Amino acid sequence: MPEGPEIRRAADKLEEAVAGKPLTHVWFAFPALKTFETSLVGERVERLETRGKALLTHFSNGLTLYSHNQLYGVWRVVKAGETPQTTRSLRVRLETKEAAVLLYSASEIEMLDTEGVAAHAFLQRVGPDVLDMSLTVEEVKARLLSPRFRRRQFSGLLLDQAFLAGLGNYLRVEILWQAQLAPRHKAAALSEAQLDALARACLAIPRLSYQTRGQADENKHHGALFRFEVFHRAGKKCRRCGGIIEKTTLSSRPFYWCPACQH
């Protein structure tokens with residue numbers, strides 16, 4: 001499943017294609033959304049907001065399309081009037097004179113008003129988004145030390161969207177390596193320096209991934225600006241200490257770490 005940085009980059013592409021332009025055609029597959037097709041024609045997509053792995057498409061009439069890709073959903077950008085050949089099931093089509101954005105295979109799609117967004121069960125449950133640039137290290141530290149999270153092992157906590165939205169498995173692995181922490185630890189037992197390192201990594205790693213993963217630079221990391229330090233590197237040497245990276249399973253997900261320097 002894509003994690004927060006991948007969802008935000010997808011949202012950026014959708015915004016670039018259709019934001020601020022009048023919609024000329026709107027289509028929904030689900031009967032419950034059909035009534036909104038006509039009323040959205042002529043309106044504009046004002047912005048696309050990510051809440052972890054959920055996407056909120058805000059329209060100029062005050063309505064918001066909530067979608068969650070889960071495992072199989074995917075957005076595509078095409079030219080206006082174009083319909084790609086695919087075995088996927090089309091769920092949403094939002095089209096302007098120049099371009100269209102298409103959502104395939106997703107099952108969680110709802111149209112919400114302002115009150116609906118505020119009361120939505122998933123949106124109420126998730127924590128602050130790691131790609132919300134107003135979220136600070138001090139706020140992350142406060143969440144780590146809160147009664148709700150302070151005694152949770154990091155192996156599970158860093159997968160819990162209620163803690164921080166947008167984290168996931170590869171980010172969990174890289175965050176704990178950056179903070180030099182083993183997955184068994186809990187915030188309640190950390191020193192101030194360890195807490196600070198973990199809180200900083202919780203923001204720095206996903207933001208670095210969002211900003212640079214997939215971009216090429218011949219002078220950095222064999223062409224990739226963002227590289228995995230431990231994820232998918234079992235049996236290889238740790239770039240920090242030279243120890244051997246190991247793989248195990250934690251919280252039903254593959255976990256990679258360096259026992260020599262993650263204490």
Side-chain angles (χ1 to χ4, degrees), residues 3-8 50-53 126-213 215 220-221 224-251 253-263:
E3 300 179 15
E6 290 72 46
I7 299 298
R8 184 61 255 178
T50 55
R51 301 274 189 95
K53 301 171 187 180
V126 296
D129 195 300
V130 289
L131 295 177
D132 178 353
M133 296 305 171
S134 68
L135 181 63
T136 67
V137 170
E138 290 303 316
E139 288 172 320
V140 174
K141 286 173 68 176
R143 291 188 73 76
L144 282 166
L145 292 174
S146 67
R148 184 178 181 185
F149 301 122
R150 62 185 286 111
R151 300 195 182 280
R152 294 272 305 277
Q153 287 192 351
F154 298 142
S155 57
L157 179 63
L158 296 185
L159 295 178
D160 187 350
Q161 299 299 292
F163 170 55
L164 290 175
L167 296 185
N169 194 42
Y170 85 78
L171 294 173
R172 168 183 72 157
V173 165
E174 297 296 317
I175 286 168
L176 289 175
W177 182 87
Q178 180 71 24
Q180 299 188 51
L181 290 171
R184 65 180 182 277
H185 286 302
K186 305 172 185 178
L190 296 188
S191 67
E192 187 67 22
Q194 288 174 317
L195 276 171
D196 189 69
L198 178 58
R200 290 184 183 280
C202 281
L203 296 182
I205 295 298
R207 291 173 181 181
L208 179 64
S209 179
Y210 163 64
Q211 293 164 0
T212 65
R213 191 176 176 201
Q215 296 182 20
K220 292 192 178 182
H221 305 330
L225 288 172
F226 179 89
R227 68 175 177 182
F228 294 131
E229 298 292 353
V230 282
F231 190 68
H232 281 172
R233 297 193 67 239
K236 297 182 179 179
K237 287 186 177 182
C238 173
R239 296 189 178 106
R240 179 167 55 212
C241 74
I244 300 302
I245 295 167
E246 296 184 6
K247 178 184 178 182
T248 186
T249 300
L250 294 174
S251 300
R253 304 294 301 278
F255 185 83
Y256 303 81
W257 69 308
C258 176
C261 64
Q262 288 180 251
H263 305 296

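Predicted model only: the values in this text are computed from it and were never measured.
- Closest approach of S146 and R143 over heavy atoms only: OG-O, 2.8 Å.
- The heavy-atom pair separating G4 from L131 by the smallest distance is O-CD1, 3.5 Å.
- Taken from CD1 in I175 to CG in L164, the straight-line distance is 8.0 Å, to the nearest 0.5 Å.
- Between E192 and K141 there is a salt bridge, with a side-chain nitrogen of the basic residue lying less than 4.0 Å from a carboxylate oxygen of the acidic one.
- Taking both residues in full, the closest heavy atoms of Q161 and G166 are given as OE1-N, 2.8 Å, listed atom of the first, atom of the second, then distance.
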For this session: Under the side chain to side chain contact (heavy atoms under 4.5 Å, CB included) rule, what do L176 and L198 come out as? Steps first, then yes or no, please.
Result: CA-CA 7 Å; L176 289 175; L198 178 58; 4.2 Å; yes
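- Taken to the nearest 0.5 Å, the CD atom of Q180 stands 7.0 Å off from the NE2 atom of H263.
- Using cut-offs of 30° and 60° for the angle between ring planes, the F231 and F228 rings count as perpendicular.
- In terms of heavy-atom proximity, G156 sits nearest to S251 at CA-OG, 3.5 Å.
- Checking side-chain atoms of R233 against main-chain N and O of E229 turns up a donor-acceptor pair under 3.5 Å.
- Contact check for K237 versus I245: no side-chain heavy atoms found under the 4.5 Å cut-off.
- Of the residues L167, L159, I205, the one that meets the side chain to side chain contact (heavy atoms under 4.5 Å, CB included) test with R172 is L159.
- The SG atom of C202 sits 11.0 Å away from atom CD of Q178, with the distance rounded to the nearest 0.5 Å.
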For this session: Given side chain to side chain contact (heavy atoms under 4.5 Å, CB included), test F154 with L190 step by step and report yes or no.
Result: CA-CA 11 Å; F154 298 142; L190 296 188; 3.6 Å; yes
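- One finds the CG atom of L144 at 10.5 Å from the CG atom of D196 (value rounded to the nearest 0.5 Å).
- With respect to S209, the side chain to side chain contact (heavy atoms under 4.5 Å, CB included) criterion is satisfied by exactly one of E3, E174, E6: E6.
- Rounded to the nearest 0.5 angstrom, L145 CG and R151 CZ are separated by 10.5 Å.
- Closest heavy-atom contact between P254 and V173: O-CG2, 4.4 Å.
- Scanning all heavy atoms of the two residues, the minimum distance from R207 to L135 falls at NH2-O, 3.2 Å.
- None of F255, W257, Y256 except one satisfies the side chain to side chain contact (heavy atoms under 4.5 Å, CB included) rule with K247; the exception is Y256.
- In this structure, W177 CH2 and R240 CZ are separated by 4.0 Å, a value rounded to the nearest 0.5 Å.
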